Q: 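I'd like to ask you about the structure that follows.
The figures that follow rest on heavy atoms only: side chains count, while hydrogens, waters and symmetry mates do not. Predicted, not measured: the structure shown is a model, and the values here were computed from it.
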There are 2 protein chains.
Amino acid sequence: MSAISHSEENYLKAIFHLGGEGKQSVATNAIARSIKTKPSSVTDMMKRLAEKDLVNYRKYKGVSLTEEGKKAALSIIRKHRLWEVFLVEKLNFSWDEVHEVAEQLEHIQSEKLVDLLDEHLGFPQYDPHGDPIPGKDGNYPSREKQLLSQFPEDSRGICIGVKDSSASFLKYLDRNKISLGDTIHVLEREDFDNSLLVNIGNRKMQISHQIAANLYLKML
Amino acid sequence: MSAISHSEENYLKAIFHLGGEGKQSVATNAIARSIKTKPSSVTDMMKRLAEKDLVNYRKYKGVSLTEEGKKAALSIIRKHRLWEVFLVEKLNFSWDEVHEVAEQLEHIQSEKLVDLLDEHLGFPQYDPHGDPIPGKDGNYPSREKQLLSQFPEDSRGICIGVKDSSASFLKYLDRNKISLGDTIHVLEREDFDNSLLVNIGNRKMQISHQIAANLYLKML
DNA sequence: AAATAAAATTAGACAAATCTAAAAATATGT
DNA sequence: ACATATTTTTAGATTTGTCTAATTTTATTT
């Protein structure tokens with residue numbers, strides 16, 4: 001019944017992102033690593049979240065989100081991504097700078113604010129990194145997105161998002177003029193290091209596995 | 001050195017609003033009332049703020065802001081008012097709904113965000129209630145001429161001008177026998193609607209925020 | 001100026017969220 | 001399957017911010 005705290009929201013979000021959308025249970029250590037805290041703190045918090053019926057928790061067995069917990073997580077992610085759109089589209093932030101600010105803005109509590117923001121932005125479907133924005137009703141569009149590293153030779157896809165959204169990776173993409181919406185054509189795979197020779201726009205370029213494993217494409 | 005917490009920011013803002021802009025010391029009870037907490041909590045916090053050199057505190061003698069504390073307070077007020085402008089101008093909030101949301105948004109930490117927001121809004125000078133927005137450099141429109149709406153309880157000023165000079169406003173002043181040169185004594189502030197109980201000449205009267213935000217006084 | 005009232009402070013407790021160090025449960029390797 | 005390593009949990013301490021109840025200081029009244 002009582003409100004969900006700032007900190008609890010961060011845990012719910014982390015659990016969701018670690019794959020707890022379904023029923024798979026998420027490990028204590030994984031959560032600790034993800035939000036840069038200690039495993040013992042995670043255990044404490046899991047007990048509190050279980051008490052509030054936001055997670056299913058069994059000692060030593062990991063946690064998963066309850067329906068209510070998933071709803072809460074989606075609401076936070078919705079806010080996070082809407083704010084990211086705002087920062088990039090309206091304030092001209094560059095897409096690699098928005099994350100930490102959105103991380104704060106996502107905790108603002110006002111349903112009216114979120115609704116009006118959504119409207120102000122024209123009800124966007126994707127954030128600046130290409131990740132889908134959950135709906136007001138909690139629906140979460142899952143798309144057939146695949147990592148570039150999984151594409152076979154001579155296949156094509158449209159760049160729709162990143163897996164690693166660290167500043168360094170985003171800067172790499174900027175520097176190499178790879179943007180969301182670009183069509184990428186895989187020409188050759190190099191077996192030795194799993195790198196790819198691809199065609200983007202009209203340029204041929206070599207892409208390391210490291211990069212390819214962090215770029216989501218929609219297969220054509 | 002360490003960052004100013006959420007809660008500390010609220011205290012600094014309260015002290016500023018209670019008239020601590022200059023050197024007048026602000027009472028513990030007044031602060032407690034203003035942020036809806038207990039006097040003992042205020043005392044605790046004052047010690048912490050004094051430790052950080054954000055306030056001058058002497059037991060039983062009240063507190064005032066140091067230069068650094070004033071700077072911090074102005075920065076929060078700047079953020080609060082810029083967000084209020086955003087909410088009203090861009091998201092179509094009505095002016096009486098923005099306060100509690102801005103109360104949350106003012107704590108977001110990102111200098112770049114504030115600067116870009118300011119620019120996005122066209123560098124507004126006043127918030128939707130007519131209160132001036134402190135500058136990036138910390139300058140705050142002179143104390144000489146201030147809106148009645150900014151006067152703390154139990155302060156006095158001489159009426160020296162109007163902000164809104166529309167016929168309807170001027171007629172209101174006429175009807176209520178409020179003239180330039182009159183001394184106005186603020187007796188009470190009503191938190192709920194920001195209206196004021198004041199003494200003008202020998203009459204007590206209730207003045208709405210709408211009116212108070214359009215009357216300039218010279219503080220005494 | 002002594003008595004009383006009001007304001008401010010202290011002492012001690014509590015809840016949230018975290019940590020370290022030690023113990024318990026589970027997983028892994030040979 | 002037994003020993004070892006890893007993961008997870010517990011126990012106890014810490015920090016921040018708050019509270020209540022008791023005490024001390026300052027202000028007011030007669």
Q: What are the atom names and distances for every N/O pair under 3.5 Å that joins the protein to nucleotides 26-28 of chain D?
A:
none

Q: Can you confirm whether or not the ring centre of His129(A) sits under 6.0 Å from the ring centre of His99(A)?
A: no
Q: Would you call Glu68(B) and Lys52(B) a salt bridge, taking side-chain N to carboxylate O under 4.0 Å as the test?
A: no
Q: Would the Phe86(A) and Phe86(B) ring centres measure less than 6.0 Å apart?
A: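 Yes, the ring centres sit under 6.0 Å apart.
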Q: Could you tell me whether the side chain of Ser40(A) has a donor or acceptor atom within less than 3.5 Å of a complementary atom in the base of dT20(C)?
A: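 Counting by modelled atom types and ignoring angles, a donor-acceptor contact under 3.5 Å is found here.
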Q: Look at Ser5(B) and dT16(D) and indicate whether a side-chain polar atom (N or O) is within less than 4.0 Å of OP1 or OP2.
A: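 For Ser5(B), the contact criterion (side-chain N or O under 4.0 Å from OP1 or OP2 of dT16(D)) is not met.
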Q: Could you tell me whether Glu106(A) and Arg78(A) have a side-chain N and a carboxylate O separated by less than 4.0 Å?
A: no
Q: For the pair made of CZ in Arg33(B) and P in dA6(C), what is the distance, rounded to whole Å?
A: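 Nearest whole value for this atom pair: 13 Å.
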Q: Does NZ or CZ of Lys112(B) fall inside the cone over Phe93(A)'s six-membered ring, less than 6.0 Å from its centre and within 45° of the axis?
A: yes
Q: Start with the C-alpha gap between Leu147(A) and Leu215(A), add the side-chain angles, then the distance that decides, and say whether side-chain contact (heavy atoms from CB on, under 4.5 Å) holds.
A: CA-CA 5 Å; Leu147(A) 292 170; Leu215(A) 207 50; 6.0 Å; no
Q: Take atom CG of Asn10(A) and atom C1' of dT18(C), then tell me their distance rounded to the nearest Å.
A: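 Distance check: Asn10(A) CG to dT18(C) C1' gives 14 Å.
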Q: By the 4.0 Å heavy-atom rule, please label Thr28(A) as base, sugar-phosphate, or nothing.
A: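 Sugar-phosphate, backbone atoms only, no base.
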Q: Quick check on dT16(D): is either OP1 or OP2 less than 4.0 Å from any side-chain nitrogen or oxygen of Tyr11(B)?
A: no
Q: To the nearest Å, how far apart are Glu8(A) CD and dA16(C) P?
A: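 Interatomic distance, CD of Glu8(A) to P of dA16(C): 9 Å.
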Q: What is the distance, to the nearest angstrom, from the NZ atom on Lys36(A) to the P atom on dC19(C)?
A: 13 Å
Q: Remember a base hit wins even if backbone is also touched, and classify Thr43(B) as base, sugar-phosphate or nothing at under 4.0 Å, heavy atoms.
A: base
Q: Verify the contact: side-chain N or O of Arg48(A) to OP1 or OP2 of dA16(C), cut-off strictly under 4.0 Å; return yes or no.
A: no
Q: Between Asp44(B) (CG) and dT10(C) (P), how many Å, whole number?
A: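 Whole-Å distance recorded here is 9 Å.
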Q: Take atom CD of Glu51(B) and atom P of dT16(D), then tell me their distance rounded to the nearest Å.
A: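 After rounding, the gap between these two atoms is 11 Å.
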Q: Return yes if a side-chain donor-acceptor contact under 3.5 Å exists between Gln206(B) and Ser195(B), otherwise no.
A: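 The answer is yes; a qualifying pair exists.
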Q: Are Lys38(A) and dA21(C) close enough that a side-chain N or O sits under 4.0 Å from OP1 or OP2?
A: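 Indeed not, no polar side-chain atom of Lys38(A) lies that close.
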Q: Treat a base pair as Watson-Crick or G-U wobble with both distances under 3.5 Å, then lay out DNA chain C in dot-bracket form, 5' to 3', with | for cross-strand pairs.
A: ||||||||||||||||||||||||||||||
Q: Phosphate oxygens OP1/OP2 of dT8(D): is one of them under 4.0 Å from a side-chain N or O of Tyr57(A)?
A: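 No, outside the criterion.
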Q: Does a salt bridge link Asp115(B) with Lys136(B), judged by any charged N lying under 4.0 Å from a carboxylate O?
A: yes
Q: Check every atom of dT10(D), dT7(D), dT18(D) against the side chain of Asn29(A) and return the nucleotide holding the closest atom.
A: dT7(D)
Q: Is the positively charged end of Lys70(A) above the ring of Tyr140(A), judged by distance under 6.0 angstrom from the centroid and angle within 45° of the axis?
A: no
